[in-house]
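Data block below; observations after.
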Amino acid sequence: MSSKFDKIIDYAVRKGFFWQSYEIYGGQAGFYDLGSLGVLLKSNIIELWREFFVKQHQEFVVEIETPIIAPAIVFKASGHEENFTDYAVECLQCHRTFRADHLVEERLGISAEGLKAEQIEEVIRKNDIRCPVCGGPLGNVYRFLLLFQTYIGPYSPSNLAYLRPEAAQGMFINFKRVYELMKRRLPFGIAQIGKVARNEISPRQGLIRLREFTIMEIEFFYDESNPTCDLLYENCSDEYINILRAEDRAKGIDKPLPISVSEAVDEKIILSPWLAYWMCIAKKFVNALGVPNNKTYFEEKLPSERAHYSKQTFDQIVIVERWGKLEVSGHAYRHTYDLERHIEFSRADLYAIRQLKAPKIIRRSVVKYDKNAVISFFGTKAPQVFKVLASLSSEALAKIVAESKGDGVVVEGIEIPKTIFRVEDVEEKVWVEKIIPHVAEPSFGAERLLYIVLEYAYSEDGGKVIMKFPKRVAPIKVGVTPLVDREPLEGIAHRLFKELKRHYYAMYLEGDSIGKKYAQADELGIPFVVTVDYESPSKGDVTIRDRDTKKQIRVPIDGVVKVIDAGLKGVDIFSLGYPIIERVEDKE
RNA sequence: GCGGCGGUCGUCUAGCCUGGUCUAGGACGCCGGCCUUCCAAGCCGGAGAUCCCGGGUUCAAAUCCCGGCCGCCGCACCA
């Protein structure tokens, strides 16, 4: 008995939505090609995401595009080079694979962080750690780096680069530039849609786990001392989302509970209000893709399951037939981690400015030194001393002076008489302060959504497949056909097709019988089919058939586009006042 | 990467154990023609497979053996 998953993959490959890449060379796991319908469906999903996440928030969310290849320093700074690496060890007896670092941590209660493969192996040997399942001896510890590596420039093997495993770093790197363009106002978000690559160890579930996939992400920056999210209460306070909390999961509970978004924030179940807001939008977005609310929930990750940059993470789950659940998006509270790291590694000023309501008085010590005294004391060595003193900030110098005992102050190995320095206390009025914004990140995998849309659209009716795509994402919007393939019906249908192509992806349906043509349209999930029948030549009208009800309306030929437009926007075409033709029962 | 199972027209599959009319059969789909006044599968004809790749055994290999590639399931990782 083939599962729904198999049926859907079958269907999708047969109809040319997607197939495995590099087929003529035997295929390559983790890579899929999209066919024409797949491209249409995916781009409709992306466009809908753009509408929900960017277009509806355009006054403070902007989309950018950055390269896929980045110099190694970027992912050194982001922590990926270090954390996207796993150490594995295999049992020589039962051939099970384990995370070597986890094994050491569990057994010995010590942290294995920062250890190299050989060091972990040494610890395993010394402490005679054996396979936790069968007790067999363990083999060599080996390292997986999940980043794809390459080099920038043909002559520069030293210029190591990585393919990005997430789009986020492109947004963090451009934080300051976009912040300026956004007139230095928080909060704001940077969105990006693009390909990412992860060198997965063994991807197997077809298009569910790919080595290269499209990600749709927002890095949303806000001032955590003033996180108030009016939109949350405006758009989402009445919205309920289903949450499965980490503390419940730890107790073995696996049933998510519905909670209003505002309550989840007030109760500190979701730590970041903006994270909560985007989760609410994510729920609405997934609903628009055809997933009812009782089939999706947010699962909070346990601390051990979270990525290195995250303070709190929720995975958005959609219930699927094959695996029970499938993560379609991740919602991470990245707080200040990434900007801090990039400030540290790049020395760039990635701060935002917070205006204070009242000026802050800052008292601090400033150190001044007597230049003439330096010259008379050090003579020809004086320039060297000035250079050393100038390299230090006033605060740092004040600290050294304050901490020095005796009559001399040692600065960078040079002893300077204390009498040369004069410490003054100063008061400054400050109207702004520098802050590192906090970050809430919603991140979607486009190909997984593509699968979800297929699974939720898939239905069968007496052995016939009907894809009930939401109209917005349906790859082909309208079909045209003559009732029978004869003139003058064919000529009218062809002219209509030509007109419809100017507006939509449309399809001219051919086939043995009208029933077969409708079946063909249903199989592709085409929402509307326009049929030219024997009344059309004299009356100048046609019928429009609705995929889901199979009912038709009679519409003048020049009104067809108007009706289809309305129908695709969600208007019930049967309420437009055109004559309705009830469906004919299937023949036995 | 390791272990188990698998790979035959576009798709599903017969054949494999027990090598030989298998120059690989069928169904769906596809192409051409006929029929057809509203919900697929009526008729006629046609195209389409060096049986995953490479090597070996044999007079003879889709079939037996070895290696590789790919897929599925398990370990680990994961949007």
Side-chain angles (χ1 to χ4, degrees), chain A residues 2 5-6 9-11 13-16 19-30 84-100 102-103 131 133 139-140 142 144 146 165-167 196 198-211 213-217 305 307 313 315-318 326-332 442-449 451-452 461-465 481-486 489 511-523 529 531-536 543 545 547 550-552 581-587:
Chain A
S2 71
F5 174 82
D6 294 328
I9 298 302
D10 262 19
Y11 164 83
V13 172
R14 193 172 66 240
K15 292 294 167 192
W19 53 84
Q20 199 183 19
S21 298
Y22 310 112
E23 274 181 332
I24 67 165
Y25 290 107
Q28 179 62 61
F84 240 51
T85 301
D86 292 325
Y87 293 101
V89 64
E90 193 185 322
C91 169
L92 297 173
Q93 190 168 296
C94 69
H95 297 297
R96 267 177 250 263
T97 306
F98 304 94
R99 283 282 296 271
H102 288 182
L103 218 52
C131 172
V133 176
N140 294 332
Y142 50 100
F144 291 125
L146 299 180
E166 56 167 14
V196 299
R198 299 179 185 179
N199 209 351
E200 299 282 351
I201 299 164
S202 177
R204 278 202 201 107
Q205 297 109 319
L207 132 126
I208 301 303
R209 269 185 64 214
L210 298 170
R211 287 192 164 117
F213 62 99
T214 301
I215 218 167
M216 307 186 284
E217 267 177 0
E305 297 169 331
T313 298
D315 275 353
Q316 185 178 23
I317 307 285
V318 171
L326 180 64
E327 300 91 348
V328 296
S329 70
H331 299 262
S443 168
F444 289 79
E447 289 79 2
R448 286 196 175 180
L449 291 172
Y451 174 74
I452 290 295
D461 178 20
K464 287 181 281 189
V465 173
T481 188
L483 185 58
V484 291
D485 296 343
R486 271 188 196 154
L489 276 47
D512 287 345
S513 67
I514 190 66
K516 200 158 181 174
K517 292 170 183 172
Y518 288 151
Q520 188 192 335
D522 288 343
E523 196 183 13
V529 175
T531 305
V532 177
D533 62 19
Y534 280 93
E535 292 175 39
S536 301
T543 63
R545 170 189 183 268
R547 177 192 68 204
K550 296 184 179 175
K551 289 195 296 187
Q552 291 170 299
I581 305 158
E582 289 297 327
R583 64 174 286 204
V584 179
E585 285 307 312
D586 297 3
K587 279 181 197 158

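All figures in this text were calculated on a predicted structure; none of them were measured in a lab. Chain A is the first sequence line, chain B the second, and so forth, proteins listed ahead of strands; every chain is numbered from 1. Atom set for the values below is all heavy atoms of this structure, side chains included, hydrogens, waters and symmetry mates excluded.
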With rounding to whole Å, what would you report as the distance between [N] and [M] at their [atom1] atoms?
N     : M     : atom1 : value
B:G42 : B:C28 : P     : 9 Å
B:C34 : B:A24 : C1'   : 32 Å
B:G19 : B:C64 : P     : 9 Å
B:G7  : B:C12 : C1'   : 14 Å
B:G25 : B:C39 : P     : 38 Å
B:C69 : B:A79 : P     : 28 Å
B:G68 : B:A60 : C1'   : 26 Å
B:C65 : B:G26 : P     : 29 Å

Quick one: which of [options] gets closest to the side chain of [X]?
X      : options             : value
A:D315 : B:A79, B:A40, B:C39 : B:A79
A:Y518 : B:C77, B:C38, B:A79 : B:C38
A:R448 : B:A79, B:C39, B:G71 : B:A79

Any strand is fair game: report the nucleotide pairing with [N] by Watson-Crick or G-U wobble, both distances under 3.5 Å, or none.
N     : value
B:G25 : B:U13
B:U18 : none
B:U50 : none
B:C77 : none
B:G6  : B:C70
B:C38 : none
B:G45 : B:C31

Is [X] touching bases, backbone alone, or none of the nucleic acid, heavy atoms closer than 4.0 Å?
X      : answer
A:R14  : nothing
A:L449 : nothing
A:E327 : sugar-phosphate
A:L210 : base
A:S329 : sugar-phosphate
A:L483 : base

Rounded interatomic separation in angstrom, taking [atom1] from [X] and [atom2] from [N]:
X      : N     : atom1 : atom2 : answer
A:D522 : B:A40 : CG    : C1'   : 10 Å
A:I208 : B:G71 : CD1   : P     : 15 Å
A:I514 : B:C35 : CD1   : C1'   : 15 Å
A:E523 : B:U11 : CD    : C1'   : 12 Å
A:K464 : B:C38 : NZ    : C1'   : 12 Å
A:Q316 : B:C78 : CD    : C1'   : 17 Å
A:E200 : B:C77 : CD    : P     : 11 Å
A:Y11  : B:C12 : OH    : P     : 16 Å

At less than 3.5 Å, do the side-chain atoms of [X] and the base atoms of [N] form a donor-acceptor pair?
X      : N     : answer
A:T543 : B:C38 : yes
A:R198 : B:C77 : no
A:Q20  : B:C70 : no
A:R209 : B:C77 : yes

request  = Give a yes/no answer on whether the side chain of A:K550 brings an N or O atom under 4.0 Å of OP1 or OP2 in B:C39.
outcome  = no

remark   = Heavy-atom nearest nucleotide on RNA chain B taken for A:F213 and for A:Q28; more 5' hit belongs to A:Q28

remark   = Between A:D512 and A:R545, the residue closer to the 5' end of RNA chain B by nearest nucleotide is A:D512

task = Would you confirm whether A:R198, through its side chain, and A:L146, through its main-chain N or O, come within 3.5 Å as a donor-acceptor pair?
result = no

ask   = In Å and rounded to the nearest 0.5 Å, what is the NZ to OH distance from A:K464 to A:Y518?
value = 12.0 Å

key: Nearest-0.5 Å distance that lies between atom CD1 in A:I581 and atom OG1 in A:T531   = 9.0 Å

Under 4.0 Å between a Lys/Arg side-chain N and an Asp/Glu carboxylate O for [X] and [Y]?
X      : Y      : result
A:R545 : A:D522 : yes
A:K550 : A:D461 : yes
A:E523 : A:R14  : yes

query = Parallel, tilted or perpendicular: which describes the rings of A:Y451 and A:F5, with under 30° parallel and over 60° perpendicular?
reply = tilted

query = How close do A:L210 and A:E200 get, heavy atom to heavy atom, and via which atoms?
reply = O-CG, 4.0 Å

query = Is A:Y534 stacked on the base of B:U37, meaning ring centres closer than 5.5 Å and planes within 30 degrees of each other?
reply = yes

